[in-house]
Protein chains: 2
Amino acid sequence: MSRPWALDYDTATCTVGATLSIVGEKWTFLVLREAFNGVRRFDDMQRRTGAPRQVLSSRLARLVAEGVLRKTPYREPGQRPRSEYRLSEKGMDLYPVIISLLAWGDKYAAPPGGPPVLLTHRDCGAAAGLQLACADGHVLTSARDVTPLPGPGARRVA
Amino acid sequence: MSRPWALDYDTATCTVGATLSIVGEKWTFLVLREAFNGVRRFDDMQRRTGAPRQVLSSRLARLVAEGVLRKTPYREPGQRPRSEYRLSEKGMDLYPVIISLLAWGDKYAAPPGGPPVLLTHRDCGAAAGLQLACADGHVLTSARDVTPLPGPGARRVA
DNA sequence: TTGCTAAGTCTGTCAACTAGACCTAGCCTC
DNA sequence: GAGGCTAGGTCTAGTTGACAGACTTAGCAA
């Protein structure tokens, strides 16, 4: 195989790295998983992710600062006011990341009984998942069908 | 909103967590990004990811142990034998994870000039990306269109 | 007044990351 | 065949971050 073109370009601007600098820390993905499952309270998050309280606190604060979660006060009848963490649109857009982690795990690391979570289309109930497709409507079945090319923001290595 | 069903189920078996325990460490995603860009050599990886050599060494070893990468010796004419790291099928299946991180970064954290990398369909050249669809062929446009349900491997919390 | 709970913060310990130097095997040149 | 070069690591010491467990605070309830 020939030398990959990628070696001629700088990685400093790569948006994978940019994404990871925001959500790439150890517990953040688990926090997001719970958020997508509808979990909104600190204590539920803490119990379900197993993250140390202090770490959870700092991850939630980071996600709020980045606009991925919104922290809003709410109050149940007869209860004192509490805080809840809800996904913003920016956070919702991270769903494909969680789904792709889930899909890989279901294929390669599912427990004996099968996957513990199934994703379904809200309207028709059929199983939902990610598909790799191109703008012309072809469905791609493998990473080999994709050719990465330098984009407008690419910078050559000096 | 009602109490999410997720609270009644155990997270210990969740395959998102299982996936993250294999590939969730800080530099691993960047290593995979480079692998998908065709980078195979230790030194190229090191230079492009910026990972400390020792960390890179241990991440590569972990990925090889998990069967995500294969370490194979090769030899260029007139050179001594070297090692290269190539994605296995199991590794190729992680491509959606990288693509989804890339897509989110392109939307929310792209550098001024635009995305540095474009993904294209190898056969037709059109832009490629992930879409959320259900088994009945409906395209889903938002995380809100997905309903997660307990799967066969779900375990109730005691 | 005391107790309870959600949502944190504080403290000490221990593991992980980091930078930078060092090592090693094969090849090349002299 | 001595020395240098390079890919692919390992070693060491210092710093940061994770962790468990105790403590804190605000509002409500008995």
Side-chain angles (χ1 to χ4, degrees), chain A residues 1 3-4 6-7 11-12 17 20-32 34-35 38-65 69-86 157, chain B residues 1 3-4 6-7 11-12 17 20-32 34-35 38-65 69-86 157:
Chain A
M1 170 165 171
R3 171 191 168 84
L7 288 177
T11 50
L20 290 171
S21 72
I22 296 172
V23 300
E25 280 159 309
K26 182 171 179 185
W27 295 101
T28 305
F29 288 112
L30 294 179
V31 168
L32 290 172
E34 296 307 322
V39 176
R40 294 178 185 167
R41 294 186 186 177
F42 189 94
D43 265 26
D44 288 333
M45 286 269 185
Q46 203 265 317
R47 189 160 21 81
R48 292 176 57 75
T49 61
R53 301 180 74 80
Q54 197 166 17
V55 173
L56 179 58
S57 176
S58 94
R59 292 301 169 273
L60 287 172
R62 179 80 204 281
L63 291 173
V64 169
L69 296 178
R70 264 192 298 266
K71 182 176 184 175
T72 52
Y74 76 104
R75 161 171 230 150
E76 287 181 357
Q79 300 286 306
R80 71 189 180 91
R82 308 190 188 293
S83 297
E84 64 176 11
Y85 297 88
R86 310 185 61 155
V157 171
Chain B
M1 173 167 173
R3 171 189 167 87
L7 289 177
T11 51
L20 290 171
S21 73
I22 296 172
V23 300
E25 279 158 310
K26 184 170 178 184
W27 294 101
T28 305
F29 288 113
L30 294 179
V31 168
L32 290 172
E34 296 307 322
V39 175
R40 294 179 185 167
R41 294 186 188 178
F42 188 93
D43 265 26
D44 289 332
M45 287 269 185
Q46 203 266 316
R47 188 159 23 81
R48 294 175 57 74
T49 61
R53 300 180 74 80
Q54 196 165 17
V55 173
L56 179 58
S57 177
S58 95
R59 292 301 168 272
L60 287 171
R62 179 82 204 279
L63 291 173
V64 168
L69 296 179
R70 264 193 297 266
K71 181 176 184 176
T72 52
Y74 75 104
R75 165 171 228 151
E76 288 181 356
Q79 299 286 307
R80 72 188 180 91
R82 307 190 188 295
S83 297
E84 64 175 11
Y85 297 89
R86 310 185 62 157
V157 171

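Per chain, numbering begins at 1; letters A, B, ... match sequence-line order. Keep in mind it's a predicted model, so treat the numbers as computed, not measured.
- Rounded to whole angstrom, the span from the CD atom of E84(A) across to the P atom of dG8(C) amounts to 12 Å.
- Using modelled atom types, no side-chain atom of R62(B) and backbone atom of E25(B) make a donor-acceptor pair closer than 3.5 Å.
- In this model, the phosphate group of dT18(C) is approached by a side-chain N or O of W27(B) to a distance below 4.0 Å at OP1 or OP2.
- The distance between atom CG of L60(A) and atom P of dA7(C), rounded to the nearest whole Å, is 10 Å.
- Taking every heavy atom of both residues into account, V31(B) and T49(B) meet most closely at N-CG2, 4.2 Å.
- Under a 3.5 Å cut-off, the side chain of Q46(B) and the backbone N or O of A51(B) do form a donor-acceptor pair.
- Between dG8(C), dA7(C), dC17(C), one nucleotide has an atom nearer to the side chain of K26(B) than all others, and that is dC17(C).
- The two atoms that bring W27(A) and V55(A) nearest to each other are CD1-CG1, 3.3 Å, heavy atoms only.
- Closest to the Y85(B) side chain, of the nucleotides dA7(D), dC19(D), dG9(D), is dG9(D).
- The CG-C1' distance, from D44(B) to dG9(D), rounds to 15 Å in whole Å.
- Along DNA chain C, the nucleotide nearest to R82(A) and the one nearest to S57(A) differ in position, and the one closer to the 5' end is contacted by R82(A).
- Closest non-hydrogen pair, L30(A) versus G17(B), comes out as CD2-CA, 4.0 Å.
- If you check every strand for non-hydrogen atoms under 4.0 Å, Q54(A) touches a base.
- Of the side-chain N and O atoms in K71(B), none sit less than 4.0 angstrom from OP1 or OP2 of dA7(D).
- dA18(D) atom P lies 15 Å from atom CD of Q46(A), rounded to whole Å.
- If you take CD of E25(A) and C1' of dA16(C), they are 14 Å apart, rounded to a whole angstrom.
- The side chain of V55(A) lies closest to dA18(D), out of dA7(C), dA18(D), dG8(C).
- Checked against dA6(C), dT18(C), dG8(D), the side chain of D43(B) finds its nearest nucleotide in dG8(D).
- In the interface, the side chain of R53(B) is paired with the base of dG8(D) through a donor and an acceptor atom under 3.5 Å apart.
- Between the CG atom of L56(A) and the P atom of dA6(C) there is a distance of 14 Å, given to the nearest Å.
- The distance between atom CZ of R59(B) and atom P of dG8(D), rounded to the nearest whole Å, is 19 Å.
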